[in-house]
Amino acid sequence: MLMERKQKNSQRIVGPTPGRALGALRLRWAPAASLFLWFLVAACQSNAESVEREAALAPTERFEVRAAARRPNVIVILLDDVRADVFGCSGHPFSKTPGIDSLAADGVQFRNAFVAISLCSPSRATILSGCRPQRTGVFGNRGRELDERVESFPEAFQRAGYRTAFMGKWHMAPGIEARRGFDHWLSFSGQGVYQDPNLWENGERVERTGYMTDLLNDGAVEWLSERNSEEPFLLYLSHKAVHVPFKPAERHRHDYADQDVTPPKSWLDDLSGKPSYMISERLERMSLGAWKPLPGEDLPDRIPTEVTAREIVLAKEKMRDYLRCLRSVDEGVGRILDTLRESGLAQDTLVLLTSDNGLMIGEHFMGGVKQLAYEESIRVPLIVSYPAGFEGPVVREELISVLDIAPTLLELCGIESDSRMQGMSLAPLLSAKPKGLVQWRDDIYYEHFFDRRWRWRPHLQALRTERWKLIQSPMYPGELELYDLVQDPEELHNLAYDPAHEDVLQALDLRLQERVAQAEALRLPELNK
């Protein structure tokens, strides 16, 4: 079966030379189609055996969190489109994130955390529930809520006697009303705006002007300051930042102006060896939408890229704006940590920071793209701090899924979890134990579902191990991608058709098909695909 799929692809890629294909269209990289505009128009548009593996952990392998005098308070800070490599603590050369860095210094930083799906609405549903889209019912940004048969972790916290609050971007079904599981609600409908947003608090319009990130931080600090120290709480702070358009606060507008931005190594990727859907999207973008595929038309094997000096300047400034937006988020993290210390709640409060997905900021010449299964899209930050429970700093390299967040929070707070959750509690990893002493997963399964609004970003399924990544699309059978992430971290050299890697491909393909079957087996009845 695998050989048949490969043969189909090898027949497809035998076509005209890039010069002939592009020459016939006389396409050129137009300034209006620059990477700068790609950012502006981009729209927001662990597997089934995890529970079994978690249950199988021997008692001696589990990490017991230090006994606390009370149930911990919990703050979850969810960022938007923030990839794993943009903080100071994650190694960025000049990004200033002292608040987030201090959180990591007091906790555990997971360097290999991945989303189950890289798109706003469905990813947020997986984080809230610990379940894949097949169970949440949220497959895309189509205005659908978490299936009522699935309990979110805020609902479980509320049921256990916690005071719960949500602030920020919900981004499932549009609306201003509070969602299940929250006693306090400060939010907005849909994507929202950066400046002078329309906010609703507990169903009533509130008159607040200013920068969105600051307003949400203000709301979080105000709510925390009013808390009864004897009453446990859960605060879910969900930022709009740093989603496009990357509009920083005025005070940060000139940050990093003197810092040169180094484009990613894959920026001028000519897509050699990449699937036909990526080549098709490149052709369509280069022609400003004028290019349309013709029946039986051959596609070029690669598309050399051309950029002007002006386009490079604009692209670098957009990258700076991305980091500038993060500055206000980081200031809010610092304010929250200060508020906890001032109120005497710091020791007993667990703070978790992550993102709904990553973002390609020019990698593979794809500005503002998040659905493709490359590292920049699917890898996210994940930091957990709980002074009363464990000490930092600790850095973990295990493969983590955002599906693990819900079961982790529930276990650390002593709340019974929904047995249908598909993640694994991270409790055994919240220590400095050497890697390998805890039985853990050895792969991550990623899936993205097709949405007609992004017609060249098909249904994708991917398997990511410590070293390898295999990507396939049910819509493009036979077009496989295989990357050695140790030798080729930029994912430039597709090894799927290299005979020397046939054994690796066969083994990964078998495991990927198992993960696909496991995910589908968990689908709730009556959920449409």
Side-chain angles (χ1 to χ4, degrees), residues 43-44 73-82 97 99-100 120-121 124 128 143 145 154 158 163-228 233-255 321-340 342-343 345 349 351 353 355-356:
C44 175
N73 306 305
V74 175
I75 299 176
V76 175
I77 303 174
L78 180 65
L79 311 184
D80 195 312
D81 286 1
V82 173
T97 54
I100 294 171
C120 293
S121 298
R124 289 160 187 268
L128 283 165
E145 285 295 316
Q158 190 182 54
R163 294 293 296 174
T164 60
F166 179 88
M167 296 186 186
K169 176 181 173 180
W170 182 251
H171 204 263
M172 279 184 263
I176 60 173
E177 67 280 2
R179 298 328 197 257
R180 304 178 340 234
F182 296 104
D183 302 309
H184 184 85
W185 183 264
L186 175 66
S187 187
F188 47 87
S189 183
Q191 185 62 248
V193 296
Y194 274 111
Q195 193 64 37
D196 300 335
N198 291 321
L199 295 177
W200 277 263
E201 188 169 22
N202 299 324
E204 296 184 1
R205 175 78 168 86
V206 290
E207 297 296 332
R208 297 183 186 176
T209 59
Y211 187 62
M212 170 73 87
T213 306
D214 294 340
L215 295 176
L216 297 179
N217 288 331
D218 290 344
V221 168
E222 180 181 346
W223 190 83
L224 288 172
S225 299
E226 297 173 351
R227 298 281 47 81
N228 181 339
F233 62 80
L234 164 69
L235 170 62
Y236 199 110
L237 174 59
S238 177
H239 280 291
K240 171 182 172 59
V242 296
H243 196 281
V244 292
F246 308 139
K247 184 177 181 180
E250 182 63 26
R251 64 185 179 277
H252 298 307
R253 193 162 61 89
H254 300 294
D255 288 3
D321 281 342
Y322 178 88
L323 297 175
R324 289 163 178 157
C325 284
L326 190 58
R327 293 278 280 137
S328 300
V329 172
D330 183 77
E331 290 172 347
V333 173
R335 291 180 60 196
I336 287 171
L337 296 179
D338 288 342
T339 301
L340 293 176
E342 293 165 2
S343 58
L345 297 173
T349 300
V351 182
L353 180 142
S355 177
D356 61 352

Asks: Donor-acceptor check, side chain of T339 to backbone of V221, threshold 3.5 angstrom: yes or no?
Replies: no
Asks: Using the salt bridge (charged side-chain N to carboxylate O under 4.0 Å, His left out) rule, take D356 and R124 through it: C-alpha gap first, then chi angles, then the decisive distance, then the call.
Replies: CA-CA 6 Å; D356 61 352; R124 289 160 187 268; 3.2 Å; yes
Asks: Keeping K240 on the side-chain end and M212 on the backbone end, is there a donor-acceptor pair under 3.5 Å?
Replies: no
Asks: Looking at CD of E226 and OG of S343, how far apart are the two atoms once the value is rounded to the nearest 0.5 Å?
Replies: 12.0 Å
Asks: What are the two closest heavy atoms between G99 and L337, and how far apart are they?
Replies: O-CD1, 3.9 Å
Asks: Checking side-chain contact (heavy atoms from CB on, under 4.5 Å) against H239, which of L78, L326, N217, V82 comes through?
Replies: N217
Asks: From Q158 CD over to F182 CZ, what is the distance, rounded to the nearest 0.5 angstrom?
Replies: 8.5 Å
Asks: What are the two closest non-hydrogen atoms of G210 and P197, and how far apart are they?
Replies: O-CD, 3.7 Å
Asks: Check the pair H184, N202 against side-chain contact (heavy atoms from CB on, under 4.5 Å), reporting the backbone distance first and the verdict last.
Replies: CA-CA 6 Å; H184 184 85; N202 299 324; 3.3 Å; yes
Asks: Step by step, would you call L340 with V351 a side-chain contact (heavy atoms from CB on, under 4.5 Å)?
Replies: CA-CA 10 Å; L340 293 176; V351 182; 4.0 Å; yes
Asks: Would a 4.5 Å heavy-atom cut-off, applied to side chains only, mark L345 and L224 as touching?
Replies: no
Asks: Look up atom SG in C325 and atom CG in L79, then write down how far apart they are to the nearest 0.5 Å.
Replies: 12.0 Å
Asks: Does D80 reach the main-chain N or O of A241 with its side chain, forming a donor-acceptor pair under 3.5 Å?
Replies: no
Asks: So, are E331 and R251 salt-bridged, with charged N and O less than 4.0 Å apart?
Replies: yes
Asks: Measure the shortest side-chain to side-chain distance between R208 and E201 over non-hydrogen atoms and say whether it is less than 4.5 angstrom.
Replies: yes
Asks: Can you check whether W223 reaches L186 side chain to side chain, under 4.5 Å on heavy atoms?
Replies: no
Asks: If the threshold is 4.0 Å, N to carboxylate O, is there a salt bridge linking D330 and R327?
Replies: no
Asks: Are P154 and L234 packed together at the side-chain level, in the sense that at least one heavy-atom pair is separated by less than 4.5 angstrom?
Replies: yes
Asks: Return the minimal non-hydrogen interatomic distance between L235 and A220, and the atom names on each side.
Replies: CD2-CB, 3.9 Å
Asks: So, for I176 and S189, which heavy atoms are closest and what is the spacing to 0.1 Å?
Replies: CG2-CB, 4.4 Å
Asks: Is there a donor-acceptor contact under 3.5 Å from the side chain of S187 to the main chain of K169?
Replies: no
Asks: Can you check whether V242 reaches Y322 side chain to side chain, under 4.5 Å on heavy atoms?
Replies: yes
Asks: Holding to side chain to side chain donor-acceptor pair (under 3.5 Å), I want the full list of residues that pass it with N73, two or more places apart in sequence or in another chain.
Replies: R70, T349
Asks: So how far is it from Y211 OH to Q195 CD, rounded to the nearest 0.5 Å?
Replies: 8.5 Å
Asks: Quick one: do R180 and E145 satisfy side-chain contact (heavy atoms from CB on, under 4.5 Å)? Show the steps, please.
Replies: CA-CA 10 Å; R180 304 178 340 234; E145 285 295 316; 5.9 Å; no
Asks: With a 4.5 Å heavy-atom cut-off, do M172 and L128 have their side chains touching?
Replies: yes
Asks: Quick one, F233 with I75, criterion side-chain contact (heavy atoms from CB on, under 4.5 Å). Give me CA distance, side-chain angles, the key distance, then yes/no.
Replies: CA-CA 8 Å; F233 62 80; I75 299 176; 4.0 Å; yes
Asks: Please tell me if the side chains of R324 and D321 come closer than 4.5 Å, counting only heavy atoms from C-beta onward.
Replies: yes
Asks: How many angstroms lie between atom NZ of K247 and atom NE2 of H252, to the nearest 0.5 angstrom?
Replies: 14.5 Å
Asks: Rounded to the nearest 0.5 Å, what's the gap from CZ on F166 to OG on S238? Could you check?
Replies: 4.0 Å
Asks: Testing the basics here: between P248 and F246, what is the closest heavy-atom pair and its distance to 0.1 Å?
Replies: CD-O, 3.3 Å
